[in-house]
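The figures that follow rest on heavy atoms only: side chains count, while hydrogens, waters and symmetry mates do not.
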Amino acid sequence: MDSQTSQSSQASPSPHSFQVDLRGLVDLLSHHLYSSPKVYLRELLQNAVDAVTARRAEEPDAPARVRLFVADGGLRVEDSGVGLTEADVHDLLATIGRSSKRAEGLQDVRSDFLGQFGIGLLACFVVAERIRVVSRSARTPDAPPVEWTARDDGSYTVRTLPHEERPEPGTTVHLVARAGAGEWLSEPRVLALARDFGSLLPYDVRVGDEAVTDLPAPWDRAYASPADRRVALARHCHELFGFTPLDAIGLDVPLAGIRGVAYVLPSAVSPVQRAGHRVHLKGMLLTERGEQLLPDWAFFVRCVLDTDSLRPTASRESLYEDETLAAVREALGERVRSWLTGLAAGDPERLSAFLAVHHLGVKALARHDTDMLRTMLPWLPFETTDGRLSLEEFAQRHPVVHFTRTVEEYRQVAPIASAQGVGVINGGYTYDSELVEALPSVRPGTVVAELDADTVTAHLDTVASADEPALSGFLAAARAKLDPLGCDVVLRSFHPLSVPALHLDDRAARHEQARADAEEQADDLWAGILGSLRGSAPRARLVLNHLNPLIRRISSLRDPELIGTATESLYGQALLMAQRPLRPADSALLNRSFIGLLEWATHRDAAHGQSSDRQGATDE
């Protein structure tokens, strides 16, 4: 290889520009970047508002008008903004992605702008086949008006116009609807979209003669009384979200550039349901489906607010997750928290009405926030053996706060524990057991204990020692029948008398039973592994009530087989009363005991009939 060839191969390649397929780009915008063609109008409004903002940065007294006119299947948008020269047109409109914020002299007011001028107009091709822009610069009054006309095939022309074509500075954008998109440029649709997107814009915006802006915002207006404010905000909420709120929470956070209101939902919603908040950016509606705005625990409110600090995504239809949004989320959560604290301190009736619907959300907050738990302690409702009470009320009544971790456990012991004077809280509902366990941290000296089978049994009276010898045979037969099921049998005296038997176990006992069931059905290798995991947890127990008349009659039986059948029936009935899921072995036992009792009853009746027949023959 000679030196000339070597030098040629090492030379830098010539640069080339990307060729943009505008039709393909418009398809990308309409199907993947924007959620709906309606965003074209937001982009037009953003461009107009940015232009007015840019002019007012240099001329504070300059007019601030945006006008939209619908005629002949097209749309015309006029603004009194800073306008463009021919050089600006080439720089901003013909270069995709170039932001109007980068124009010379505007660096100091960048935060006042909403969007990108070139991309904003490009988005209009979602509904338009042709865009015509006529503009005159306010910065260069002697520059002639300039016209930029573009088609959706990617072609455009630029030419200057006589001064009389545009006597005043500003910009006019003409759209001609593309086939099938005419409805988006109709006057009713344009007016509705303009009001939806631009109701909080700081300038005079109109569609024809109809005003678009509605300032000040409802949460910033002066009202004659708090009651008038509440009524006005309730009306505003119903118009936006379709419900009348329980209350309205002010969201004034000046340091974060936030003004707005949170509306409390009047009905319960799932904590996992994604909230849809309306977010305005510098007055322009950014999204009505904002999901990251509040902490997850605040799922019981819907917000509408205006911000100048949050960063939008590329489509400007959602918020960019960054440190600023995280700080705003924390600040708004603190506003909701302060509202709850204020209700607890000064408006218990409204707090009770709120908790009747949304106690789950407050519990979600209180389990991570000891201050909130301390504040809500007298108000949060819990299911207890004394009825629905707050933790504070329950702790005042009972020296030891017993609780169960599951609803099933609570159902097993609640009637018996209540009759014995033992207070129990149902901790089986979401967050409840965690809050009960946190109680000592906000109420020093409180004793909290998980209720288990041993505790319940210990509170039941034992059978008199004089009766024990006569009952030994009965207990032996009953225990032999239930031993294969991993259940012990004990005899106690307790109230209410109507309960013949009580099935008691705990999670450790259930775990051990599940392991034993699996071991029984497994092959030799797996059974050996499961056998090595055998625990020392206490077995489940069937507590028979010696005060119950039925139990007394069964305990007087002498037939071991009949005692076993009766015991199986009592065991099955106790499981059903506790609303416990039945294992296959339990279902088989219920069927077997039911058939056994039927056979015993029918056999007894038949024997009694034969005895009567023999007695009648003797009488004859």
Side-chain angles (χ1 to χ4, degrees), residues 409 411-413 415-417 419-420 452-506 508-510 512-513 516-517 520 537-604:
E409 291 172 356
R411 288 170 178 164
Q412 286 183 71
V413 303
I416 309 304
Q420 310 309 310
D452 55 22
D454 288 335
T455 304
V456 176
T457 306
H459 280 82
L460 304 180
D461 295 333
T462 58
V463 177
S465 57
D467 296 333
E468 289 181 355
L471 298 172
S472 59
F474 160 70
L475 287 176
R479 287 167 180 161
K481 199 66 174 178
L482 294 188
D483 184 69
L485 296 174
C487 183
D488 292 331
V489 179
V490 297
L491 194 63
R492 293 289 187 272
S493 298
F494 57 86
H495 293 273
L497 300 179
S498 58
V499 177
L502 176 66
H503 182 270
L504 294 177
D505 63 1
D506 52 28
R510 289 195 294 273
E512 174 61 20
Q513 184 60 55
D517 291 343
E520 184 178 344
R539 304 206 303 173
R541 67 197 66 175
L542 181 68
V543 184
L544 302 178
N545 187 0
H546 190 238
L547 299 180
N548 180 268
L550 176 62
I551 298 299
R552 285 183 174 272
R553 287 196 295 270
I554 294 174
S555 64
S556 65
L557 296 173
R558 295 293 177 263
D559 183 351
E561 184 176 349
L562 184 55
I563 291 175
T565 300
T567 302
E568 287 182 331
S569 298
L570 291 169
Y571 174 81
Q573 188 262 354
L575 286 179
L576 294 175
M577 290 296 294
Q579 301 184 37
R580 290 287 306 279
L582 299 180
R583 299 171 298 166
D586 298 330
S587 299
L589 175 145
L590 277 172
N591 292 330
R592 184 171 63 248
S593 63
F594 177 71
I595 297 299
L597 289 177
L598 283 179
E599 289 178 347
W600 175 79
T602 54
H603 175 74
R604 182 184 179 188

Apply side-chain hydrogen bond (donor to acceptor under 3.5 Å, both in side chains) to [X] and list each qualifying residue two or more places apart in sequence or on a separate chain.
| X | answer |
| --- | --- |
| Asp559 | none |
| Asn591 | none |
| Arg552 | none |

Could you tell me which residues satisfy side-chain contact (heavy atoms from CB on, under 4.5 Å) with [X], sequence neighbours excluded, listed by chain and number?
| X | result |
| --- | --- |
| Arg558 | none |
| Ala478 | Val489, Thr567 |
| Leu590 | Leu576, Leu582 |

**Q.** Heavy-atom side-chain proximity of Ile554 to Leu544 below 4.5 angstrom
**A.**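 No, too far: nothing below the 4.5 Å cut-off.
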
**Q.** Any side-chain heavy-atom pair of Trp600 and Thr565 under 4.5 Å
**A.**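 Trp600 does not reach Thr565 side chain to side chain.
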
Q | Heavy-atom closest pair, residues Ala501 and Ala574 | A |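 Closest approach of Ala501 to Ala574: O-CB, 4.1 Å.
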
Measuring from atom [atom1] of [X] to atom [atom2] of [Y], what distance do you get when rounded to the nearest 0.5 angstrom?
| X | Y | atom1 | atom2 | answer |
| --- | --- | --- | --- | --- |
| Leu547 | Leu491 | CG | CG | 9.0 Å |
| Leu502 | Gln573 | CG | CD | 10.0 Å |
| Ser555 | Leu557 | OG | CG | 7.5 Å |
| Ser587 | Arg592 | OG | CZ | 11.0 Å |
| Arg479 | Arg541 | CZ | CZ | 11.5 Å |

**Q.** Selection residues 488-501 - residue pairs positive for salt bridge (Lys or Arg N to Asp or Glu O under 4.0 Å), sequence neighbours left out
**A.**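 Pairs touching residues 488-501 that pass the test: Asp488-Arg539.
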
Q | Inter- and intrachain pairs under ring-ring contact (aromatic ring centres under 6.0 Å, His included), touching residues 461-492, at least two apart | A |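 Of all non-adjacent pairs touching residues 461-492, none passes ring-ring contact (aromatic ring centres under 6.0 Å, His included).
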
Q) Hey, is the main chain of Leu497 close enough, under 3.5 Å, to the side chain of Asn548 for a donor-acceptor pair? A)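 Yes, the answer is positive, given that a donor and an acceptor are paired below the 3.5 Å cut-off.
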
Q: Using the test ring-ring contact (aromatic ring centres under 6.0 Å, His included), find all partners of His503 that sit at least two apart in sequence or belong to another chain.
A: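 Applying ring-ring contact (aromatic ring centres under 6.0 Å, His included) to His503 gives Tyr571.
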
